[in-house]
Amino acid sequence: MENNNLEQDIKVLHNYEHFARLIQVVRALREECIADMHEAKTEQLQQLSGRILSYDQLLQMVGADELEKRHKDFL
């Protein structure tokens with residue numbers, strides 16, 4: 001039941017361009033981590049990979065692509 005509430009909450013949040021801008025920041029942070037990987041030392045790669053995975057999971061969970069399409073005029 002909790003998962004259903006989360007899905008409903010995300011659907012409601014999709015109505016707000018403010019949420020879309022927040023998710024756009026999360027996407028930018030993910031891209032920044034990817035760029036940092038090119039110059040990272042071996043011991044930093046695992047940490048960066050973990051951060052990227054977390055960002056990916058969040059972006060997928062909230063349906064970031066659909067959200068950004070919906071609010072493309074505001075972003």
Side-chain angles (χ1 to χ4, degrees):
M1 186 152 174
E2 184 177 311
N3 192 30
N4 191 22
N5 288 338
L6 180 60
E7 289 175 14
Q8 291 292 11
D9 291 345
I10 290 170
K11 284 182 182 180
V12 170
L13 289 170
H14 268 239
N15 292 317
Y16 299 97
E17 63 267 8
H18 301 87
F19 182 63
R21 284 195 293 269
L22 172 65
I23 296 304
Q24 193 175 40
V25 170
V26 171
R27 189 181 300 270
L29 290 169
R30 177 189 172 276
E31 295 301 319
E32 189 176 298
C33 282
I34 291 170
D36 288 347
M37 289 182 87
H38 298 314
E39 299 173 6
K41 296 179 181 174
T42 305
E43 55 271 4
Q44 294 173 312
L45 287 177
Q46 187 174 6
Q47 181 183 12
L48 288 168
S49 295
R51 289 173 57 192
I52 292 166
L53 180 60
S54 295
Y55 290 137
D56 281 343
Q57 289 173 331
L58 178 61
L59 292 168
Q60 183 178 3
M61 182 177 65
V62 302
D65 292 338
E66 178 185 326
L67 178 65
E68 289 180 350
K69 286 178 189 174
R70 183 174 186 169
H71 294 288
K72 66 181 180 199
D73 295 337
F74 299 103
L75 300 177

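Since the structure is predicted, the reported quantities are computational estimates derived from the model, not experimental observations.
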Practice prompt. Say whether Phe74 and Leu13 are linked into one hydrophobic cluster, either directly or through other cluster members, by side-chain heavy-atom distances under 4.5 angstrom.
Written response: no
Fill in: Hydrophobic cluster membership, Val26 vs Met61, 4.5 Å side-chain cutoff
yes
Worksheet item: Are Ile52 and Leu58 grouped together when hydrophobic residues (ILVMFWY) are joined by side-chain heavy atoms under 4.5 angstrom apart?
Response: no
Without placing hydrogens or testing angles, list every side-chain donor-acceptor pair under 3.5 Å for residues 31-43, not counting sequence neighbours.
none

Practice prompt. Please name all residues satisfying side-chain contact (heavy atoms from CB on, under 4.5 Å) with Gln8, sequence neighbours left out, ordered by chain then number.
Written response: Asn4, Lys11
Response to the item:
Heavy-atom closest pair (Ala64 atom, Ile23 atom, distance to 0.1 Å) is CB-CG2, 3.6 Å
Discussion item. Test of understanding: with side-chain contact (heavy atoms from CB on, under 4.5 Å), list the residues that count as partners of Leu29, not counting sequence neighbours.
Written reply: Val25, Tyr55
Worksheet item: In Å, rounded to the nearest 0.5 Å, how long is the span from CD of Gln44 to CZ of Arg51?
Response: 10.0 Å
Fill in: Heavy-atom donor-acceptor pair, His14 side chain to Phe19 backbone, under 3.5 Å
no
Worksheet item: Are more than 12 heavy atoms from other residues, nucleotides or ligands located less than 6.0 Å from atom CD of Glu7?
Response: yes
Worksheet item: Is it true that Leu59 and Leu53 fall in one hydrophobic cluster, defined by side-chain heavy atoms closer than 4.5 Å?
Response: no
Fill in: Pairs where residues 52-64 contributes a residue and the test salt bridge (Lys or Arg N to Asp or Glu O under 4.0 Å) is met, not counting sequence neighbours
Arg30-Asp56
Response to the item:
Applied to residues 58-75, the side-chain hydrogen bond (donor to acceptor under 3.5 Å, both in side chains) test, sequence neighbours excluded, yields Asn15-Arg70, Arg27-Asp65, Arg27-Glu68
